Colleague: 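Mind looking over this structure? Questions follow.
Quick caveat: nothing in here was measured; it's all calculated off a predicted structure. Chain identifiers are assigned alphabetically (A, B, ...) following the order of the sequence lines, protein sequences preceding nucleic acid strands; residue numbering begins at 1 within each chain.
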Amino acid sequence: MHNSTFFVAAVAVAAAVFGISTYIGNDYIYFAGYVVLQYIVLATAWNILGGYCGYVNFGSAAFFALGAYSAVFVHKFYPLPIPALIVIGGIVSGIIGFGMGYLTLRLRGVFFAIATLAFAVVLQTLIINWDYVGGSRGAYIIRPSDFPGLGSYIEYLYLIMLALAVIAVTTARVIERSRLGYGFAAIRDDELAAEAAGVPTLRLKLLATSISGALMGMAGAPFPYYIGYVEPASTFGLAYAVNSIAMPMIGGTTTWIGPLIGAILLGTLQQIATVTISSVVNLLLVGVLLVAFVIIAPNGIVGLVQERLRARGK
Amino acid sequence: MANALLVIENLSKRFGGFVALEEVNLSVTRGERLGLIGPNGSGKSTLVNCICGTLTNESGTVQFDGQQMDGLPAHQRTRVGLARSFQLPRPFPSLTLLDNLRIPLLYTVQARSGLLRSSGDVDTRCAELLQLVGLDGKANRWPGDLTQVEMRKLELARAIAAEPKLLIADEAMAGLSHTEIEDILKLLARLNEQGITIILIEHIMRAVMSFSQRLVVLVSGRKIADGPPDQVVRDPEVERAYLGQ
Ligand SMILES: Nc1ncnc2c1ncn2[C@@H]1O[C@H](COP(=O)(O)OP(=O)(O)O)[C@@H](O)[C@H]1O
Ligand SMILES: [Mg+2]
């Protein structure tokens, strides 16, 4: 399928999802759906670096928070429409992603992962001590009750996150089929061999950290309006870091559809668990599923399907 | 010297306290077929790694096609026309054989010359290259499905795919049958006729002797002989190095 065809198809699917949601017309659908969509963006973004290039980022929460706090900062300064905040959040997180990449990409494997974790801790400490954006007390953002032309404001936020999901998934898919995607795969498989084949590995890895960081920041930018109250502990929450890793791993990391499947599945499951059991079991659920998949199906759901098809082909 | 493609001067490389290469000087003429031999551990692969930028040498210089290579990352050296096969094959395991060859085509040939614009052209070229090394029919298989010998052929095909000016084959023939060695030698000779300079690193003396116009011997990181093959193999120092093994 051509890239533009894919984009049109993705928009059509998103439109259908939005149509069904408005038909149900319950605000709960928007609140829960927003979270699932946000995880589609985060998981897809994580996968561009983690799945395509093989560099495990434990600091997703920091990039998400960077987007959220960029929005808080701008909001205090001069309120802008959310799409503009998304662009700003994306640029800030993209630049920081580039910087983090520049400092850490000489590290491999587990050392890189630890560095990203340390990076998240440093950033969180900075935010805690930055009064202008609320420091450890947090900052309140008054969410308008409705959005002209739509209905409730949450419906608007839901629509925005839907659009972001389309952008993220299309970006991932475009990369995957491009020269860049093949370069990423070569880096994931063997960096020395990739260099020997002409792949500028450092430049490509910096591109991956920038794109991945930018998309995570974009996912975080509308968050203050969704939640109404932003404080460091929850914005840098473990759930973001863990889910961003677990969703692609469970769905499958080598294609764009893996993180999508993982995010829809795990995200929905967590929303159901929150309502029926309690929000505390969420991470436990993710942890158990992640361990199970790593042991039984290390290539995720997509990997399982591919193996089936391959076995049948022989 | 005016027609030298590769000029290595006083190249030294150490691993910790161990001196792997010591003051190596070597010059390779455009279009030459050079054999490089030496006992195991004498530094042949290390020399290749220093030439191609996979390793950085502490001292000495590498000049290729009139350009200084020192400090250039490996991918840039590949783009100016240096390509090598790894002695221990390093395929991209998650990519099919076709896609393994696609990497150098996209990142070297396409990036350098703007040729192979369409993906159809790339596919065709990948298929040609697989056929060249006798791996046609396995285009859509993964490296994991290959035998060690087939993996060597893939390694060679990936180096050839980069359309180098200088091709370094690092023990690409180990384990191959007599006829397979003949096939690879014919392939290398054909590439050489097309103007590609070739350095052949090999233990199989019959192959080296029939292929090389000149022979260089490394022992313990030092070059001990350099000249016409039949003279070099009769050199007493070379004989001693090999008998001493
Ligand atoms: N990365 C490395 N680290 C430490 N020692 C190495 C490394 N690579 C090679 N060596 C050592 O350098 C010497 C030369 O190795 P090599 O160049 O592979 O020899 P050859 O290719 O001639 O068999 C050997 O003693 C080997 O153990
Ligand atoms: Mg060797």
Colleague: Could you check which of B:Leu82, B:Leu95, B:Asp99, B:Thr54 has the highest count of heavy-atom pairs closer than 4.5 Å to chain A?
Modeller: B:Asp99

Colleague: Side-chain contact, heavy-atom cut-off 4.5 Å: A:Leu37 with A:Leu164?
Modeller: no

Colleague: Between chain B and each of A:Ala185, A:Ala186, A:Ala194, count heavy-atom pairs under 4.5 Å; write down the option with the most.
Modeller: A:Ala186

Colleague: Measure distances from B:Gln110 to the heavy atoms of chain A and classify the residue's part below 4.5 Å as side chain, backbone, both or neither.
Modeller: both

Colleague: At a heavy-atom distance under 4.5 Å, which candidate from B:Asn100, B:Thr108, B:Ile103 has the highest pair count against chain A?
Modeller: B:Ile103

Colleague: Using a cut-off of under 4.5 Å for heavy-atom pairs, which of A:Leu202, A:Thr254, A:Thr201, A:Asp190 has the most such pairs with chain B?
Modeller: A:Asp190

Colleague: Aromatic rings A:Tyr240 and A:Tyr39: how do their planes relate, parallel, tilted or perpendicular, breaks at 30° and 60°?
Modeller: tilted

Colleague: More than 12 heavy atoms of other residues, nucleotides or ligands under 6.0 Å from CZ of B:Arg125: yes or no?
Modeller: yes

Colleague: Please confirm whether the ring centroid of A:Phe58 lies under 6.0 Å from the ring centroid of A:Phe112.
Modeller: no

Colleague: Report which part of B:Arg90 has an atom under 4.5 Å of a heavy atom belonging to chain A: side chain, backbone, both, or neither.
Modeller: both

Colleague: Identify which of B:Arg79, B:Arg102, B:Arg158 forms the greatest number of heavy-atom pairs closer than 4.5 Å to chain A.
Modeller: B:Arg102

Colleague: List the steps, then state whether side-chain hydrogen bond (donor to acceptor under 3.5 Å, both in side chains) holds for A:Arg188 with B:Ser94.
Modeller: CA-CA 9 Å; A:Arg188 171 186 67 213; B:Ser94 76; 2.9 Å; yes

Colleague: Answer yes if the side chains of B:Thr61 and B:Asp70 hold a donor-acceptor pair under 3.5 Å, and no otherwise.
Modeller: no

Colleague: Is A:Ile187 in contact with chain B via its backbone, its side chain, both, or neither, using a 4.5 Å heavy-atom distance?
Modeller: neither

